K.L.:
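My questions will all concern the structure given below.
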Amino acid sequence: SGFMGNLLICVPHAELPTYTEALKDYPVQLVGAEKGLVKQRKHIRSMFAEGQEIVFIDDDVTRIRIMYGRTIHPITNIHVTVDTLFQCLHNMEGPLMWGCYPMINRDWMKERMSIGNCYVVGAFYGIINDPRLVEPVIDECEDWARSLSEQKAGRAPVRFDWLGIDTRYFKNSGGMQQDRSPEKRRAAVEALVAQYSDIVKLKNRKGGHLDLKALKKPVYLELGPLAGPPATVTAAPAVSASPHTPEAPPVAASPPLRPSCSVQ
């Protein structure tokens, strides 16, 4: 999808030699941290100043796609797209976090933004590095915990439902899968339901997988046309500043590169 420049890959300290050898021919920066998803995200944030825009992406994301006219297309310049997503946050004057649709599905993705009661998946999201945005305590359900914490604080997360990713949730080997268990999942879900009972409830998915579900629907903002024809989509669509006042955010011709961080 065109990642280049400031790409950091954060791995446990013990795995640094392995990754150094495997990625010696690639223009990336390796960073060592304590093992654990939350610890690695915190370490990455500590490396940057307040106000820095940061994109987090898991190493097992295989595709990033955009919906245009009810069809799915590749993103040809991820940096221009990400720059526009952050511009949307600044235009809204409040949110500190954006996310994407958690899968690529033409029937479920929509050409709109969801604001507030929406799940921002931890596999691919962006933040403005602000001390008010508190990182979770444990790895299990850390993306739900982050989203709910921001909602409770009055800074509604923004999810771009026209932007989707492919990854194998709960199925890839290594990483968090080594430490996951049904008991840990239940404990984390039940703790979040107890803490945010006015926002979410427990949901049992097919196969017995426990999850969370928002009690109310988010606010939906419909989007204008994409900035470019389907074959050369490089930017986000125009976004309404409010449900009733369409206003397209500016798109920089040559946006500054944002640090993109992959955690292992």
Side-chain angles (χ1 to χ4, degrees), residues 36-38 41-42 45 54-56 58 85-86 88-103 105 108-110 112-165 167 169-170 176 180-223 239-244:
L37 190 57
V38 169
R41 295 204 200 280
K42 286 181 178 179
R45 290 185 60 183
I54 305 173
V55 178
F56 287 93
D58 286 358
L85 304 187
F86 278 113
C88 288
L89 292 195
H90 291 297
N91 287 354
M92 297 173 70
E93 298 180 352
L96 298 175
M97 178 171 65
W98 59 259
C100 67
Y101 203 72
M103 63 183 68
N105 187 303
W108 295 349
M109 294 169 67
K110 306 290 183 183
R112 70 185 183 191
M113 290 165 55
S114 294
I115 302 174
N117 295 326
C118 59
Y119 168 53
V120 175
V121 66
F124 180 48
Y125 68 100
I127 68 165
I128 298 173
N129 199 23
D130 189 302
R132 293 174 297 169
L133 198 164
V134 180
E135 288 297 325
V137 177
I138 61 174
D139 289 348
E140 191 68 54
C141 296
E142 53 92 25
D143 45 9
W144 264 111
R146 188 180 299 103
S147 302
L148 293 170
S149 175
E150 283 298 284
Q151 289 183 53
K152 197 72 171 181
R155 295 180 297 273
V158 177
R159 189 177 74 192
F160 298 94
D161 291 341
W162 50 266
L163 182 69
I165 57 171
T167 187
Y169 298 106
F170 307 108
M176 283 185 62
R180 271 199 166 116
S181 69
E183 293 75 22
K184 288 182 179 179
R185 180 73 182 183
R186 175 173 289 278
V189 168
E190 290 180 346
L192 289 173
V193 170
Q195 185 175 358
Y196 300 103
S197 58
D198 57 331
I199 303 177
V200 291
K201 64 180 180 180
L202 187 148
K203 179 178 181 178
N204 283 292
R205 294 190 179 275
K206 291 181 180 180
H209 180 70
L210 284 182
D211 210 342
L212 295 155
K213 182 178 180 179
L215 294 175
K216 298 179 181 179
K217 291 184 178 180
V219 173
Y220 297 123
L221 295 187
E222 300 300 322
L223 305 179
V239 60
S240 299
S242 72
H244 309 291

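What you see is a predicted model, and the numbers here were worked out from it, not measured in a lab.
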K.L.:
Got more than 12 heavy atoms from elsewhere within 6.0 Å of NZ, Lys213?
P.N.:
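Counting other residues, nucleotides and ligands, NZ of Lys213 stays at 12 neighbours or fewer.
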
K.L.:
Under the ring pair (Phe, Tyr, Trp, His ring centres under 6.0 Å) test, which residues partner Tyr196, sequence neighbours left out?
P.N.:
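Here no residue qualifies.
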
K.L.:
Evaluate the side-chain proximity of Asp211 to Arg185: yes if any heavy-atom separation is below 4.5 Å, no if none is.
P.N.:
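The answer is yes; the side chains approach within 4.5 Å.
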
K.L.:
Could you tell me which non-hydrogen atom of Lys184 sits nearest to which non-hydrogen atom of Glu140, and how far apart they are?
P.N.:
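Scanning both residues completely, I find the closest heavy atoms to be O-CG, 3.8 Å.
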
K.L.:
Which side-chain N or O atoms in residues 149-160 pair as donor and acceptor under 3.5 Å with protein atoms at least two apart or in another chain?
P.N.:
from: Glu150; atom 1: OE1; to: Arg155; atom 2: NE; distance (Å): 3.0
from: Glu150; atom 1: OE2; to: Arg155; atom 2: NH2; distance (Å): 3.0
from: Gln151; atom 1: NE2; to: Gly116; atom 2: O; distance (Å): 3.1
from: Lys152; atom 1: NZ; to: Asp198; atom 2: OD1; distance (Å): 3.1
from: Lys152; atom 1: NZ; to: Asp198; atom 2: OD2; distance (Å): 2.8
from: Arg155; atom 1: NH2; to: Arg132; atom 2: O; distance (Å): 2.9
from: Arg159; atom 1: NE; to: Asp161; atom 2: OD1; distance (Å): 2.7
from: Arg159; atom 1: NH1; to: Tyr119; atom 2: O; distance (Å): 3.3
from: Arg159; atom 1: NH2; to: Asp161; atom 2: OD1; distance (Å): 3.4

K.L.:
Pick out which of Leu148, Val189, Leu210 makes a side chain to side chain contact (heavy atoms under 4.5 Å, CB included) with Cys141.
P.N.:
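Single side chain to side chain contact (heavy atoms under 4.5 Å, CB included) partner of Cys141 among Leu148, Val189, Leu210: Val189.
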
K.L.:
For Leu37, does its backbone N or O pair with a side-chain atom of Asp139 as donor and acceptor, under 3.5 Å?
P.N.:
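Yes; judged by distance alone, with no hydrogens or angles, the pair exists.
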
K.L.:
What I'd like to find out is whether the side chain of Ile127 reaches to under 4.5 Å of the side chain of Leu96, using heavy atoms alone.
P.N.:
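They are not in contact (no side-chain heavy atoms under 4.5 Å apart), so the answer is no.
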
K.L.:
Taking the side chain as every heavy atom from C-beta outward, state whether Val121 and Met103 have any atom pair closer than 4.5 Å.
P.N.:
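No, too far: nothing below the 4.5 Å cut-off.
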
K.L.:
Looking only at atom types and distance, does a side-chain atom of Asn129 sit under 3.5 Å from a main-chain N or O of Arg45, one as donor and one as acceptor?
P.N.:
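The answer is yes, because a donor-acceptor pair under 3.5 Å joins these two groups.
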
K.L.:
Could you check Leu215 against Asn117 for side chain to side chain contact (heavy atoms under 4.5 Å, CB included), going step by step and ending with a plain yes or no?
P.N.:
CA-CA 8 Å; Leu215 294 175; Asn117 295 326; over 6 Å; no

K.L.:
Any idea which heavy atoms bring Pro218 and Ile115 closest together, and the distance?
P.N.:
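In terms of heavy atoms, the two residues are closest at CB-O, 3.3 Å.
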
K.L.:
Of the non-hydrogen atoms in Val120 and Gly99, which two are nearest, and what is the gap between them?
P.N.:
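Scanning both residues, the minimum pair turns out to be CG1-CA, 3.6 Å.
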
K.L.:
Among Phe56, Trp98, Tyr101, which residue satisfies the ring-ring contact (aromatic ring centres under 6.0 Å, His included) criterion with Phe124?
P.N.:
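Looking at Phe56, Trp98, Tyr101, the match for Phe124 under the ring-ring contact (aromatic ring centres under 6.0 Å, His included) is Trp98.
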
K.L.:
To the nearest 0.5 angstrom, please state how far the NZ atom of Lys110 sits from the CG atom of Asn105.
P.N.:
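Reported to 0.5 Å precision, the distance equals 9.5 Å.
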
K.L.:
Kindly determine whether Leu163 and Met109 satisfy side chain to side chain contact (heavy atoms under 4.5 Å, CB included), including the steps that lead there.
P.N.:
CA-CA 8 Å; Leu163 182 69; Met109 294 169 67; 5.6 Å; no

K.L.:
A side-chain contact here means heavy atoms from C-beta on lying under 4.5 Å apart; do Tyr125 and Arg146 qualify?
P.N.:
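Tyr125 vs Arg146: side chains touch.
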
K.L.:
Closest heavy-atom contact between Val38 and Pro136?
P.N.:
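The pair with the smallest heavy-atom distance is CG1-O, 3.1 Å.
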
K.L.:
Rounded at 0.5 Å granularity, tell me how far CG in Leu192 sits from CD1 in Ile138.
P.N.:
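With rounding to 0.5 Å, CG (Leu192) is 7.0 Å from CD1 (Ile138).
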
